[in-house]
Amino acid sequence: MSNFDPKARPKLGPWPPAPESSAMPPSSWAKRTGFRPKFSGETNASDSGQMPLPPRACEPDNQPDLEAGRARPPPQPQPPPTVSNCQVQSGKPAAALPLPPAATDKEKDQSVKKRREFDGGVPKSSSPGSNRRAASGSNEQPPPLRRSSRNGEVVDVVPQPTVDEDGFLERPSHMKYDLRDSPGLVPIWFFGFQHYLSMLGSLVLIPLVIVPAMGGRHEDVTAVVSTTLFVSGVTTLLHTSFGSRLPLIQGPSFVYLAPVMAIINSLDFQGLKGNNFKHIMREIQGAVIIASAFQTLLGYSGLMAILVRLINPVVVAPTIAAVGLSFYSYGFPLVGNCLEIGMVQILLVIIFSLYLRKISIFGHRVFLIYAVPLGVAICWAAAFLLTEVGVYNHKGCDISIPSSNVVYEHCRRHMNRAKYCRVDTSQALKASPWFRFPYPLQWGTPVFHWKMAVVMCVVSLLASVDSVGSYHASSLLVASRPPTPGILSRGIGLEGLSSVLAGLWGTGTGSSTLTENVHTIAVTKMGSRRAVEVGACVLILLSLVGKVGGFIASIPQVMVAALLCFMWAMLTALGLSNLRYSEAGSSRNIIIIGLSLFFSLSVPAYFQQYGISPNSNVSVPRYFEPYIVASHGPFRTSNYGFNYVMNTLLSLHMVIAFLVAVILDNTVPGSKQERGVYVWSDCEEPRREPAVAKDYKLPLGVGKFFRWVKWVGL
């Protein structure tokens with residue numbers, strides 16, 4: 001007992017003891033941690049965060065099934081012996097196995113022929129998913145795997161995807177119609193119109209916000225809405241034909257809304273007399289045209305193919321999320337002017353898009369796809385009934401009299417509320433003509449100022465960042481491979497040309513790929529390029545009917561604000577959804593995203609509140625105060641143009657989010673899997689894979705004229 005030393009006691013090993021195995025050869029970080037790549041670096045956060053368990057001892061296959069409560073069936077006869085997992089884990093040598101006979105030249109030729117048929121030799125067909133099916137044997141898809149749950153219920157199991165030899169994902173087609181499919185003569189019109197109707201809010205809400213802020217009248221709102229629909233249809237046709245060739249709708253992006261509001265509320269236009277709308281619109285047109293020329297140069301010069309190396313999901317996610325979060329001061333404050341209408345509108349859209357999203361009628365999830373149009377129709381009808389019943393009438397008060405001429409204070413308060421709640425205050429539908437053709441320079445000759453053009457050039461760069469994320473996400477849904485950097489640059493260059501058209505026609509903003517495209521494609525399962533082109537033609541025809549623009553322009557303002565609350569929340573969520581391509585559970589990414597979002601709210605708040613006292617009287621509504629920062633920001637040098645540019649840019653939430661994210665993501669060390677780096681197809685991929693060439697090749701032999709420019713693409 002005297003010789004016992006407790007410190008010399010032998011230490012216990014791990015339990016259960018791990019079987020002896022040979023030394024593991026060195027491997028990459030991904031293999032050592034069990035990381036499994038998916039779409040272009042898409043990961044599951046739970047995979048990378050689990051602790052590896054020691055391997056269990058091998059058990060015979062005829063052990064009883066404890067979950068089912070019965071013995072497993074006897075093992076089936078096995079093919080010729082192979083090396084088992086038990087032999088590998090235990091380190092026992094395996095018996096020598098006979099090598100397979102070498103393939104003959106004839107068999108090699110047949111395998112090469114089959115691969116070529118699988119890649120691009122599928123004949124054109126109108127059947128859904130034809131451009132992603134193998135041309136071997138039957139064209140029918142295998143039935144989904146099914147398993148029995150513990151309670152005996154049969155559950156569908158999605159087949160596990162596999163990664164091909166090039167590192168891309170081979171997966172069964174889950175879309176009704178892929179990129180090169182044609183739904184047929186009759187369904188193509190329905191699917192095309194459905195695609196645009198589901199994105200109605202993104203197309204028409206921006207003109208309903210900026211035109212009244214410019215001082216425009218009802219007929220001005222009608223004209224801008226019709227022009228926006230016309231330009232959106234034309235630019236979508238151009239993009240699907242000569243741009244990225246993905247089924248992406250072009251239109252007025254929310255990325256341009258904040259800088260446009262800053263231009264509208266600039267001190268340069270505070271003392272204008274007469275028609276403020278046309279004067280401000282010409283200023284915006286000039287800034288949009290210069291910024292569009294910069295974006296066109298960025299794309300067609302090949303610079304975008306270089307800059308895209310700095311743009312990854314960790315950069316795209318906070319930048320787009322900051323666009324949606326930046327309008328918090330505009331959304332609900334306007335809804336509060338008529339809560340019984342605005343709150344009903346918000347609740348209806350939430351109920352349709354969330355609680356009723358799985359209800360299918362004739363194979364279509366009507367409530368999920370048409371949540372915004374259905375909510376507008378029901379809420380508008382309810383507001384019309386309240387107006388006709390006389391809920392918003394007040395004895396002794398006439399709503400036709402301007403509020404400045406009203407003597408009684410109670411009538412003035414009542415008229416201010418009736419302005420937002422009544423549906424008969426707008427005369428846009430009555431004043432609009434039946435036919436109106438939008439034409440360029442309809443508001444006059446554009447006016448060019450360098451300070452506003454610089455702001456718009458920076459915003460066009462951020463719009464390109466938004467489009468990069470949309471290109472990648474949509475290509476994984478509908479195309480055989482992601483586009484090459486050259487095709488991406490070609491798409492950005494054409495977006496610049498589309499914005500030039502938007503500036504010449506005068507839509508009030510630039511044209512860009514709408515972020516909501518990815519959500520619409522995923523929900524409708526509709527990725528046909530031909531259907532989107534048919535829908536664009538329908539949109540052009542509707543833009544020529546003046547009553548359509550007048551009908552949209554007559555939507556009550558409080559309903560517009562309620563819809564914007566939902567659209568901006570969706571935009572924020574779609575931006576953050578880009579994190580699914582990276583390791584969302586990584587501490588590196590969590591810190592970068594958190595810093596980007598926090599400073600995107602805090603830094604602009606400093607600029608917006610600088611120099612404003614709590615009791616100061618401003619000449620704009622409270623929800624427009626964040627956009628007058630150019631007049632009181634911290635930059636106060638002798639150069640007014642420099643002050644305007646710096647105060648305006650640093651007060652934009654998306655600019656701060658982009659700067660913080662792009663600097664941290666490209667300087668903080670991290671693996672490609674952790675960062676979720678976008679994987680684009682190689683420049684030689686279209687030559688090796690005929691399917692890629694068919695997806696992105698320019699039509700009508702236009703690519704022959706661009707062969708001297710390597711980065712323009714096919």
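Just so you know, these numbers come straight off a predicted model, no measurement behind them.
- With a 4.5 Å cut-off on side-chain heavy atoms, N517 and M199 count as touching.
- Considering all non-hydrogen atoms of both residues, A553 and T222 come closest at CB-OG1, 3.7 Å.
- With R529 contributing its side chain and D695 its backbone, the two residues share a donor-acceptor pair below 3.5 Å.
- The main-chain N or O of S460 is found under 3.5 Å from a side-chain atom of S464 such that the two form a donor-acceptor pair.
- Between the CD atom of Q295 and the OG atom of S467 there is a distance of 7.0 Å, given to the nearest 0.5 Å.
- In this structure the side chain of F277 reaches within 4.5 angstrom of the side chain of V224, judged on heavy atoms.
- Residues P183 and S528 have side chains in contact (heavy-atom distance under 4.5 Å, counting atoms from C-beta outward).
- The side-chain hydrogen bond (donor to acceptor under 3.5 Å, both in side chains) check on S651 picks up nothing, with sequence neighbours excluded.
- The two atoms that bring H239 and L246 nearest to each other are CD2-O, 4.3 Å, heavy atoms only.
- Screening residues 508-562 for ring pair (Phe, Tyr, Trp, His ring centres under 6.0 Å), with sequence neighbours left out, gives W380-F551.
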Show me the donor-acceptor pairs, under 3.5 Å and distance only, between side chains in residues 201-216 and residues at least two apart or in other chains.
residue: S202; atom: OG; partner: E516; partner atom: OE1; Å: 3.4
residue: S202; atom: OG; partner: E516; partner atom: OE2; Å: 3.4

Begin with the C-alpha distance, continue with both residues' side-chain angles, and end with the deciding distance and a verdict on side chain to side chain contact (heavy atoms under 4.5 Å, CB included) for I284 and Y256.
CA-CA 11 Å; I284 295 175; Y256 289 95; over 6 Å; no
Could you walk me through whether L248 and L514 pass the side chain to side chain contact (heavy atoms under 4.5 Å, CB included) test, one step at a time?
CA-CA 7 Å; L248 301 175; L514 299 180; over 6 Å; no
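- Remark: L461 CG to D466 CG distance equals 11.5 Å, nearest 0.5 Å.
- Partners of Y370 by ring pair (Phe, Tyr, Trp, His ring centres under 6.0 Å), not counting sequence neighbours: none found.
- Identified under the salt bridge (charged side-chain N to carboxylate O under 4.0 Å, His left out) test for residues 429-453, with sequence neighbours left out: D268-K451.
- Among residues two or more places apart in sequence or in another chain, the side-chain contact (heavy atoms from CB on, under 4.5 Å) test is passed with V662 by L310, V315, F658, N666.
- The backbone N or O of W568 sits less than 3.5 Å from a side-chain atom of T572, completing a donor-acceptor pair.
- Taking CE of M281 as the reference point, atom CD1 of I263 lies at 11.5 Å (rounded to 0.5 Å).
- No more than 12 heavy atoms of other residues, nucleotides or ligands shown are found within 6.0 angstrom of CZ on F193.
- Of all heavy-atom pairs between W680 and P485, the closest is CB-CD, 4.0 Å.
- Contact check for F242 versus P699: side-chain heavy atoms found under the 4.5 Å cut-off.
- Between C537 and L237, the closest side-chain pair of non-hydrogen atoms falls below 4.5 Å.
- In this structure, R530 places its CZ atom where only 12 or fewer heavy-atom neighbours from other residues, nucleotides or ligands lie under 6.0 Å away.
- With no hydrogens or angles considered, no side-chain donor-acceptor pair links S512 and Q250 at under 3.5 Å.
- Rounding to the nearest 0.5 Å gives a distance of 12.0 Å between OG1 of T524 and OH of Y177.
- Not counting sequence neighbours, the partners of I378 by the side-chain contact (heavy atoms from CB on, under 4.5 Å) test are L348, F352.
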Side chain to side chain contact (heavy atoms under 4.5 Å, CB included), that's the test. Do I487 and R245 meet it? Break it down for me.
CA-CA 9 Å; I487 297 171; R245 305 218 68 197; over 6 Å; no
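- Between the T235 side chain and the S232 main chain, a donor and an acceptor come within less than 3.5 Å of each other.
- Nearest heavy atoms, P259 versus V459: CG-CG2, 3.5 Å.
- Within 6.0 Å of atom CZ in F384, 12 or fewer heavy atoms from other residues, nucleotides or ligands are found, so the atom counts as exposed in its surroundings.
- Between H472 and Y678, the two ring planes are tilted [angle within 30° to 60°].
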Expected list for residues 541-550: side-chain donor-acceptor pairs under 3.5 angstrom, two or more places apart:
residue: S543; atom: OG; partner: I540; partner atom: O; Å: 2.5
residue: K547; atom: NZ; partner: L429; partner atom: O; Å: 2.9
residue: K547; atom: NZ; partner: S432; partner atom: O; Å: 2.9

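- Contact annotation: the side chain of M559 approaches that of V376 to within less than 4.5 Å [non-hydrogen atoms, C-beta and beyond].
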Dump the intermediate steps for side chain to side chain contact (heavy atoms under 4.5 Å, CB included) on I249 and H195, then the final yes or no.
CA-CA 9 Å; I249 297 177; H195 206 77; 3.3 Å; yes
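- Interatomic distance, L298 CG to S489 OG, rounded to the nearest 0.5 Å: 7.5 Å.
- Considering every non-hydrogen atom in both Y696 and R481, the closest pair reads OH-O, 2.6 Å.
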Exercise answer: donor-acceptor pairs, residues 503-510 side-chain atoms, under 3.5 Å, sequence neighbours excluded:
residue: W505; atom: NE1; partner: P438; partner atom: O; Å: 3.4
residue: T507; atom: OG1; partner: T509; partner atom: O; Å: 2.9

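- With sequence neighbours excluded, no residue forms a side-chain hydrogen bond (donor to acceptor under 3.5 Å, both in side chains) with S600.
- Closest non-hydrogen pair, V478 versus G527, comes out as CG1-CA, 3.5 Å.
- A side-chain donor-acceptor contact under 3.5 Å links D220 to the backbone of R217.
- Residues V335 and C565 are in side-chain contact: their nearest non-hydrogen atoms beyond the backbone lie under 4.5 Å apart.
- Taking 4.5 Å as the limit, some side-chain heavy atom of Y300 sits within range of a side-chain heavy atom of L497.
- Screening I320, V323, V465 for a side chain to side chain contact (heavy atoms under 4.5 Å, CB included) involving M654 leaves a single residue, V323.
- Applying the side-chain hydrogen bond (donor to acceptor under 3.5 Å, both in side chains) test to Y471 and every residue at least two apart in sequence or in another chain returns E495.
- With hydrogens and angles disregarded, a donor-acceptor distance shorter than 3.5 Å links the side chain of S681 to the backbone of P482.
- For the atom pair CG of L257 and OG of S326, the computed distance is 7.5 Å after rounding to the nearest 0.5 Å.
- Scanning for side-chain contact (heavy atoms from CB on, under 4.5 Å) contacts around S198 gives I369, T520, with sequence neighbours left out.
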